Amino acid sequence: MSTHAATEDAIRSAEAHSAHNYHPLPVVVASAEGAWMTDVEGRRYLDMLAGYSALNFGHGNRRLIEAAKAQLERVTLTSRAFHHDRFAQFCTELAELCGTDMVLPMNTGAEAVETAVKTARKWGYRVKGVPDNTAKIVVARDNFHGRTTTIVSFSTDPEARADYGPYTPGFEIVPYGDLTAMRAAVTDNTVAVLLEPIQGEAGVLVPPAGYLAGVRELTRERNVLFMADEIQSGLGRTGKTFACEHEGVVPDVYILGKALGGGVVPVSAVAASSEVLGVFKPGEHGSTFGGNPLACAVALEVIAMLRTGEYQQRAAELGDHLHRELGLLTGTGTVEAVRGRGLWAGVDINPVHGTGRQISERLMERGVLVKDTHGSTIRIAPPLVISKEDLDWGLDQLRAVLTDQQVPSTRRG
């Protein structure tokens with residue numbers, strides 16, 4: 001694979017001066033707009049990953065950029081030592097979007113998951129009455145909730161977990177989608193069940209029909225919090241505001257991030273009832289940047305955009321088209337399985353065509369950016385603002401890579 005000098009120089013410098021905790025594709029992005037990115041050589045690429053759903057509303061979305069610019073001129077940070085004039089509105093409107101009473105703002109998704117874990121334990125001791133230091137949280141195998149030491153303690157991915165012990169206790173791991181195993185794992189000391197409604201990093205795994213509803217019923221029966229990690233699946237990605245809505249499920253705790261900041265600034269939050277988040281008192285948890293004015297201004301615009309329903313509808317309609325087209329490939333022997341909802345798909349490529357990394361590299365050469373995971377699986381998750389024409393062009397490139405069809409590898413739009 002050949003790259004030009006500017007690309008090679010940038011990659012060489014990055015490898016020399018940054019820790020090698022990522023293995024990015026050899027493309028160096030210089031600018032982006034909508035669903036398209038342009039590299040330092042001036043070549044355009046269709047973004048079919050959208051920052052793992054952080055860019056649901058596309059690159060450089062004007063509403064979000066203007067909201068950020070306006071706030072940049074006023075005030076960007078006060079810390080939580082003081083009130084600021086965007087905080088109350090943000091908390092109120094996000095709580096309304098989630099149908100909850102309260103919001104606890106943080107910055108990154110991992111921080112929000114850590115906050116949810118602390119919330120569940122404190123609620124368990126203060127409200128449920130679980131004996132001190134005995135609280136258990138049930139999680140699913142193949143989960144991905146972040147990379148802090150506590151979170152990787154209940155990961156089953158060796159790459160995420162190895163060499164970071166000793167590990168934090170207090171977690172019970174059960175197979176994803178197995179309601180019988182979940183029921184057996186819940187005890188009197190269980191304070192929460194923590195799940196991704198769709199497991200993204202695992203390959204966009206959708207649980208069996210009725211699973212989330214069954215977990216909701218079980219947690220109500222046993223006085224256990226149902227905590228839904230909607231960091232990747234939420235805020236329009238699956239054709240609903242939240243992926244839980246596909247089963248008519250309302251969890252006790254929403255964990256949000258990524259798209260909440262519109263791809264402009266890191267914004268995350270835990271949303272729950274006053275009974276749950278009311279367990280915190282001043283000084284018991286916090287974040288210098290959590291809920292800062294700039295973050296609130298951008299997130300408020302995201303919330304306003306979601307209230308229209310436009311983006312959820314686009315994800316649903318284009319998602320149906322995406323899955324219909326990908327489904328046709330399963331009959332050709334090139335694709336073994338397709339999973340997902342809305343504009344989100346995990347595609348298992350027949351290994352005879354290459355690893356997921358190799359497929360991603362071939363797509364990159366044809367001007368399409370995706371990301372591999374677990375062997376020969378690639379993930380497709382374009383911005384929700386992508387046009388049908390661009391989506392079809394991207395799918396044409398995938399067909400070309402898998403079937404050696406002769407189709408144009410450049411698109412002028």
Side-chain angles (χ1 to χ4, degrees), residues 18-19 21-22 24 29 32 37 47 49-61 63-72 74-81 84 86-87 89-91 93-95 97-98 103-119 144-152 160 196 200-201 227-237 241-242 253-271 285-306 311 371 381 383-384:
S18 70
N21 58 319
Y22 279 90
V29 176
M37 297 193 284
D47 181 3
L49 185 65
Y52 305 101
S53 290
L55 287 153
N56 280 2
F57 309 100
H59 296 273
N61 185 288
R63 287 184 62 172
L64 300 179
I65 295 301
E66 292 304 321
K69 287 168 63 176
Q71 191 61 44
L72 282 168
R74 298 177 65 246
V75 59
T76 58
L77 179 66
T78 62
S79 83
R80 291 297 307 282
H84 66 78
R86 307 310 302 270
F87 186 76
Q89 184 185 2
F90 164 68
C91 292
E93 295 193 12
L94 183 57
L97 184 74
C98 297
V103 165
L104 201 168
M106 299 297 287
N107 306 286
T108 67
E111 284 180 289
V113 174
E114 284 274 355
T115 298
V117 168
K118 292 172 74 174
T119 300
F144 184 82
H145 296 286
R147 297 188 183 273
T148 65
T149 50
T150 289
I151 292 171
V152 301
E196 300 160 88
E201 186 70 19
M227 304 198 299
D229 180 344
E230 294 259 17
I231 292 169
Q232 284 198 56
S233 63
L235 306 185
R237 171 56 55 188
T241 303
F242 304 110
V253 177
Y254 284 109
I255 306 170
L256 304 174
K258 293 194 185 298
L260 189 58
V264 179
V265 287
V267 186
S268 67
V270 171
H285 186 57
S287 165
T288 298
F289 281 85
N292 67 75
L294 181 60
C296 289
V298 173
L300 276 166
E301 199 64 30
V302 166
I303 294 165
M305 292 162 71
L306 287 168
Y311 299 92
K371 187 67 175 70
L384 309 187

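Here the structure is a predicted model, which is why all the values come from computation and not from measurement.
Contact check for E196 versus E201: no side-chain heavy atoms found under the 4.5 Å cut-off. Taking the side chain as every heavy atom from C-beta outward, F90 and I303 approach each other to under 4.5 Å. Using a 4.5 Å heavy-atom cutoff, the side chains of D47 and V29 are not in contact. Using a 4.5 Å cut-off on side-chain heavy atoms (C-beta onward), L306 and F57 make contact. With a 4.5 Å cut-off on side-chain heavy atoms, L235 and L97 count as touching. Between H84 and C296, some side-chain heavy-atom pair lies under the 4.5 Å cut-off. In this structure the side chain of V298 never reaches within 4.5 angstrom of the side chain of Q71, judged on heavy atoms. For the pair V253/V270, a side-chain contact is recorded, criterion being any heavy-atom separation below 4.5 Å from C-beta on.
In this structure Y254 satisfies the side-chain contact (heavy atoms from CB on, under 4.5 Å) test together with C98, T100, E230, F242, V250, P251, L256, A271, sequence neighbours excluded. Every residue two or more places apart in sequence or in another chain that forms a salt bridge (Lys or Arg N to Asp or Glu O under 4.0 Å) with R63 is listed here: E301.
Here the side chain of N61 pairs no donor or acceptor atom with the backbone of G262 at under 3.5 angstrom. The main-chain N or O of G257 is never found under 3.5 Å from a side-chain atom of S268 such that the two would form a donor-acceptor pair.
In this structure, OG1 on T108 lies 9.0 Å from NZ on K258, to the nearest 0.5 angstrom. Here the CG atom belonging to N56 is positioned 10.5 Å from the CG atom belonging to L260, to the nearest 0.5 angstrom. In this structure, CG on L300 lies 4.5 Å from CD on Q89, to the nearest 0.5 angstrom. Annotation: the span from I231 atom CD1 to R237 atom CZ amounts to 14.5 Å, rounded to 0.5 Å.
Listed here is the closest heavy atom pair of H59 and L55: CE1-CD1, 3.3 Å. Residues M37 and A32 approach most closely at CG-CB, 3.6 Å, considering heavy atoms. Residue Y52 comes nearest to Q232 through the heavy atom pair O-CG, 3.6 Å, listed as atom of the first residue, atom of the second, then distance. Nearest heavy atom pair, residue N107 against residue S287, reads ND2-OG, 2.8 Å. Closest approach of T76 to N292, counting heavy atoms only: O-OD1, 3.3 Å. In terms of heavy atoms, H145 sits closest to V113 at O-CG2, 3.4 Å.
The number of heavy atoms from other shown groups lying within 6.0 Å of CZ (F289) does not exceed 12.
Judged purely by distance below 3.5 Å, without hydrogens or angles, the side chains of T148 and E114 pair a donor atom with an acceptor atom.
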